[in-house]
Amino acid sequence: MRTQVLQARAPRPAACRIRAQRSSRAALRPVAAMALPADFKDSYVDLAHSLADAAAQVTRKYFRTSFDVECKSDDSPVTIADKQAEVAMREIIERTVPEHGIFGEEHGLKWGSGAGSKYMWVLDPIDGTKSFITGKPLFGTLISLVYEGSPILGIIDQPITKERWLGVVGRPTTLNGQPLRTRPCPDVKLAYLYATTPHMFSGESEVAFNRLRDSVRIPMYGCDCYAYGLLAAGHADLVVEADLKPYDYMALVPVVQGAGGVMSDWRGRPLVWQPTPGAVDLKSGWPGEVCAAGDPALHKKAIDILAWKH
């Protein structure tokens, strides 16, 4: 049985205070009016859990042990745990739904049988490899099912603390089976903001981010995907980042939105990505900048402050 770890919450200013969370669905805010595809199967949710379980077996085995760290072409680190965890997930997908496509950080893009499926699994075996290699349990496995370019299912799995967020379009987000909601905080001046690192911003994106950073109550760094789980659970208000890839953010969208939040690019547009079979430039069409907010009013104000290439 999975156990819920997140419990404590820091005191909040009155304007951003929220009652302690309970499992009552009645207390949840309405989920954005989106619908699952007609051919969506609940077995896909079970499959997503199986993928997270398989990846967790690998990452737990290597966590805080001695292993080699390699550098990829972009100088980002990668380990045997990253590679093996993704292989474990890909093998399950290929065996269970071979018609679905797969796009993973470590092993790239593979079209499903016939390359005609509208479904694609987007995988990041260890989001936060730097945290992983330094023994900090704030990394996570990201699993998303994308339909015609839009994320419809997402999992954030923290295998060490054994916390698992699940988001499915049209359904409330859960943490270890318990429904979650974001907290109200419409005022930027009272918001708690996360970004993985200030070094992910440069040039125009750094100028735009700094405008927002200087407007919030408290800016914080670290956590990688875990920050989005904290936002969905009502412990933070904004996560704003840049230089991301689809495997970094696709799984986060259903989690944030199913908890009552909003997640978009810096122009307020939906985060979508659908490569064309045979395409060479997979980066074409994906935004690198994302903005997640627990309160829709706060999201709008954050987008206005970013004023990203309007």
Side-chain angles (χ1 to χ4, degrees), residues 47-60 62-63 69-93 100-110 119-133 136-146 149-161 163-167 194-197 200 222-229 232 239 241-256 263 271-273 275 282-283 286-290 292:
L47 174 56
H49 281 299
S50 297
L51 301 180
D53 291 341
Q57 289 184 17
V58 175
T59 51
R60 288 194 196 111
Y62 287 105
F63 185 62
V69 178
E70 303 173 32
C71 284
K72 294 189 284 190
S73 59
D74 62 357
D75 289 331
S76 63
V78 63
T79 72
I80 188 173
D82 296 81
K83 296 177 180 179
Q84 288 188 1
E86 184 170 321
V87 167
M89 292 190 287
R90 295 176 80 104
E91 288 178 347
I92 294 172
I93 295 169
H100 290 189
I102 307 172
F103 180 52
E105 178 174 11
E106 308 308 334
H107 298 284
L109 175 64
K110 178 181 179 181
Y119 287 99
M120 179 174 292
W121 293 87
V122 180
L123 311 172
D124 190 345
I126 300 180
D127 182 76
T129 299
K130 293 176 183 177
S131 291
F132 180 80
I133 63 180
K136 184 169 66 175
L138 293 182
F139 62 93
T141 295
L142 296 180
I143 299 163
S144 179
L145 180 58
V146 174
S150 296
I152 59 172
L153 180 158
I155 278 182
I156 306 171
D157 189 63
Q158 212 312 307
I160 308 305
T161 61
E163 296 167 286
R164 183 173 297 176
W165 287 262
L166 169 68
Y194 263 113
T196 295
T197 171
M200 69 194 329
C223 287
D224 296 281
C225 63
Y226 197 82
Y228 297 84
V239 187
E241 302 195 291
D243 194 30
L244 301 187
K245 316 299 189 296
Y247 42 74
D248 294 317
Y249 58 74
M250 283 295 193
L252 308 173
V253 177
V255 170
V256 169
M263 187 166 174
L271 293 164
V272 296
W273 174 69
L282 295 179
K283 295 183 179 181
W286 79 39
E289 302 82 22
V290 305

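Counting begins at 1 with the first residue of the sequence.
- The two residues Val272 and Met250 come nearest to each other via the heavy atoms C-CE, 3.8 Å.
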Run the side chain to side chain contact (heavy atoms under 4.5 Å, CB included) test on Tyr228 and Met263 for me, step by step, so that the C-alpha distance in whole Å, both residues' side-chain angles and the decisive distance to 0.1 Å come before the verdict. CA-CA 10 Å; Tyr228 297 84; Met263 187 166 174; 3.7 Å; yes

Side chain to side chain donor-acceptor pair (under 3.5 Å) evaluation trace for Tyr62 with Gln84: CA-CA 10 Å; Tyr62 287 105; Gln84 288 188 1; 3.2 Å; yes

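- The minimum heavy-atom distance between Val255 and Ile156, with the atom names listed, is CG1-CD1, 4.0 Å.
- In this structure, the side chains of Leu138 and Asp224 stay at 4.5 Å or more apart for every pair of heavy atoms.
- Glu86 is linked by a salt bridge (Lys or Arg N to Asp or Glu O under 4.0 Å) to Arg90, counting only residues two or more places apart in sequence or in another chain.
- In this structure, the side chain of Thr141 engages the main chain of Pro125 through a donor-acceptor pair within 3.5 Å.
- No side-chain donor-acceptor contact under 3.5 Å links Trp165 to the backbone of Ile155.
- Looking at Thr197, its side chain never comes within 3.5 Å of a backbone N or O of Met200 through a donor-acceptor pair.
- From Ser50, atom OG reaches atom CE of Met89 across 12.0 Å, with rounding to the nearest 0.5 Å.
- With a 4.5 Å cut-off on side-chain heavy atoms, Leu271 and Pro287 count as touching.
- Once rounded to the nearest 0.5 Å, the distance linking SG of Cys225 with CG of Asp157 reads 9.0 Å.
- Side-chain atoms of Asp127 never come within 3.5 Å of backbone atoms of Asp124 as a donor-acceptor pair (strictly under, hydrogens ignored).
- The salt bridge (charged side-chain N to carboxylate O under 4.0 Å, His left out) pairs that include a residue from residues 100-109 are Lys72-Glu105, Lys72-Glu106, where partners are two or more places apart or lie in different chains.
- Scanning all heavy atoms of the two residues, the minimum distance from Glu163 to Thr161 falls at OE1-OG1, 2.6 Å.
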Apply side chain to side chain contact (heavy atoms under 4.5 Å, CB included) to the pair Thr59 and Ile126, showing each step before the final yes or no. CA-CA 8 Å; Thr59 51; Ile126 300 180; 3.7 Å; yes

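- Ion pair Asp53/Arg164 flagged as a salt bridge, since at least one NZ, NE, NH1 or NH2 atom sits closer than 4.0 Å to an Asp/Glu carboxylate oxygen.
- Side-chain contact between Met120 and Ile102 is absent, with no heavy-atom pair separated by less than 4.5 Å.
- A 4.5 Å side-chain heavy-atom check between Pro77 and Glu70 finds every atom pair outside the cut-off.
- Taking the ring pair (Phe, Tyr, Trp, His ring centres under 6.0 Å) definition, one finds that Phe139 meets it with Phe63, Phe132, sequence neighbours left out.
- Rounding to the nearest 0.5 Å places OG of Ser131 at 3.5 Å from NZ of Lys136.
- Residues Glu289 and Leu244 have side chains not in contact (no heavy-atom distance under 4.5 Å, counting atoms from C-beta outward).
- Taken to the nearest 0.5 Å, the CD1 atom of Ile143 stands 9.0 Å off from the CG atom of Leu153.
- Proximity of Trp121 to Leu51: side-chain heavy atoms (C-beta onward) are separated by under 4.5 Å at one or more points.
- For the pair Val78 and Val69, the minimum side-chain heavy-atom distance is 4.5 Å or more.
- Counting all heavy atoms, side chain and backbone alike, Arg60 lies closest to Pro159 at NE-O, 2.7 Å.
- Ring centroids of Tyr249 and Trp273 are separated by 6.0 Å or more, keeping the two rings apart.
- Here the closest heavy-atom approach between residue Pro254 and residue Ile152 is recorded as CG-C, 4.0 Å.
- Rounded to the nearest 0.5 angstrom, Tyr119 OH and Ile93 CD1 are separated by 14.0 Å.
- When all heavy atoms are compared, the tightest approach of Val87 to His107 is CG2-NE2, 3.5 Å.
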